[in-house]
Amino acid sequence: DQQVKQNSPSLSVQEGRISILNCDYTNSMFDYFLWYKKYPAEGPTFLISISSIKDKNEDGRFTVFLNKSAKHLSLHIVPSQPGDSAVYFCAASGYSSASKIIFGSGTRLSIRP
Amino acid sequence: DGGITQSPKYLFRKEGQNVTLSCEQNLNHDAMYWYRQDPGQGLRLIYYSQIVNDFQKGDIAEGYSVSREKKESFPLTVTSAQKNPTAFYLCASTASGQETQYFGPGTRLLVL
C-alpha cells in the first residue's frame, strides 16, 4: 500500500519552461512534506519542504504547493535548466510515523534544449 | 567538512556471505537511517535508530542487521538470509526534532 504516490515515472520539459512534478498521499496524519533531487549513483539531496500549516513554500526557482483537502502536492521549477535533469522524490512524514519518512517512487525529469 | 560518508562505493557479495556497509556522520545528528533503492522504485526503509544503542525495524528489515554503538556510526550488515541483496543502499541522518534527512553518497551492492 503506497502512502506516497508519484504517478508520473518520467517528465520531459523544454529548457526555460516550467516543470511541474506531482505527488499524492493517502495518510491524513502526514504533516510535513519534502522534495529530494537525486542524480544517478548519488544520494538524494534535500530540495525544499513544506509544513501542513502552509499551502505554499518558495525557494528561488523552486516552489512547493500543498493542497491538504486533495492530499496533493506539487513541485514547480521555473525556469527549468539542464542541471535540473534528475529523479525527484516526494516524501512525507507525520507525528505518528516516529520520525520515519515515506518516499514516493520518484519522477525522472529530463530537460531538453 | 560536515557530512555523511558511506563506504565502500561498490561492494561485491558472494553467495552465503555476510557483508557490512559503513555509514559515518559528523553532523552530531541523533537519528540515522538505512534505505534501499531498487531500479524504478522509491526508497524503502530497512532500519532506523533514534538514539545510541537503540534501533527499530523499518519496512524491509528481513535479512539485515544493524548496530548503533556510537552516535556517529550506523553500520548495516546484509546477511546471507537476504536473498535479493543487489541494490543501491543509502544511509541518512537527521538532527533531533528535525524532519529533513540528509543522505550519504550510497553503496551499490552486487552479488557475484
Side-chain angles (χ1 to χ4, degrees), chain A residues 1-10 21 23-27 29-54 57 59 64 66 73 86-108, chain B residues 3-11 21 23-25 27 29-51 54-61 74 87-110:
Chain A
D1 177 31
Q2 274 189 293
Q3 297 187 64
V4 179
K5 299 179 186 179
Q6 293 177 257
N7 292 318
S8 298
S10 62
L21 295 92
C23 179
D24 297 295
Y25 61 96
T26 57
N27 190 339
M29 295 299 290
F30 288 145
D31 59 8
Y32 194 76
F33 304 89
L34 311 93
W35 284 95
Y36 284 85
K37 175 180 178 179
K38 186 181 181 301
Y39 293 117
E42 293 185 13
T45 54
F46 170 72
L47 202 55
I48 192 169
S49 63
I50 188 167
S51 164
S52 61
I53 62 173
K54 293 186 171 182
N57 189 26
D59 184 1
V64 56
L66 175 62
L73 64 155
V87 176
Y88 290 78
F89 289 100
C90 171
S93 69
Y95 179 77
S96 64
S97 68
S99 80
K100 290 193 293 182
I101 291 182
I102 309 299
F103 286 85
S105 55
T107 296
R108 181 177 300 280
Chain B
I4 304 175
T5 57
Q6 290 185 243
S7 60
K9 189 170 183 178
Y10 295 96
L11 185 58
L21 286 64
C23 177
E24 304 278 331
Q25 54 96 2
L27 300 166
H29 285 175
D30 294 298
M32 297 185 74
Y33 309 79
W34 274 106
Y35 294 90
R36 167 180 173 145
Q37 186 192 17
D38 294 281
Q41 294 194 34
L43 305 179
R44 293 185 291 167
L45 183 64
I46 304 172
Y47 267 98
Y48 65 103
S49 167
Q50 294 180 277
I51 196 170
D54 187 44
F55 48 82
Q56 287 79 39
K57 292 182 179 180
D59 301 314
I60 54 165
F74 190 40
F88 190 52
Y89 289 86
L90 287 156
C91 179
S93 70
T94 188
S96 178
Q98 299 297 313
E99 300 283 355
T100 304
Q101 294 185 7
Y102 295 90
F103 286 82
T107 292
R108 185 165 297 281
L109 177 61
L110 300 164

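Numbered from 1 within each chain, the chains take letters A, B, ... in sequence-line order.
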Heavy-atom side-chain contact between F103(B) and Y36(A) under 4.5 Å: yes
Looking only at P44(A), A91(A), G106(A), C90(A), the option with the highest number of non-hydrogen pairs under 4.5 Å against chain B is P44(A)
Roughly how far, to the nearest 0.5 Å, is the CD1 atom of I48(A) from the OG1 atom of T100(B)? 11.0 Å
Please tell me whether Y35(B) and F103(A) form a close aromatic pair, meaning their ring centres lie under 6.0 Å apart. yes
Which bit of P9(A) is near chain B, if near means a heavy-atom gap under 4.5 Å: side chain, backbone, both or neither? neither
Measure the OG-CZ distance between S105(A) and R44(B) for me, rounded to the nearest 0.5 Å. 12.0 Å
Does CG belonging to L110(B) count more than 12 external heavy atoms closer than 6.0 Å? yes
Using non-hydrogen atoms only, which part of L43(B) is less than 4.5 Å away from chain A: side chain, backbone, both, or neither? both
So, do K38(A) and F88(B) sit near enough that their side-chain heavy atoms are less than 4.5 Å apart? yes
I'd like to verify something: which residue of Q37(B), K9(B), Q56(B) has the highest number of heavy-atom pairs under 4.5 Å with chain A? Q37(B)
Non-hydrogen atoms of chain A under 4.5 Å away: do they reach the side chain of Q6(B), the backbone, both or neither? neither
Using side-chain heavy atoms (C-beta onward) and a distance below 4.5 Å, is Y48(B) in contact with I101(A)? no
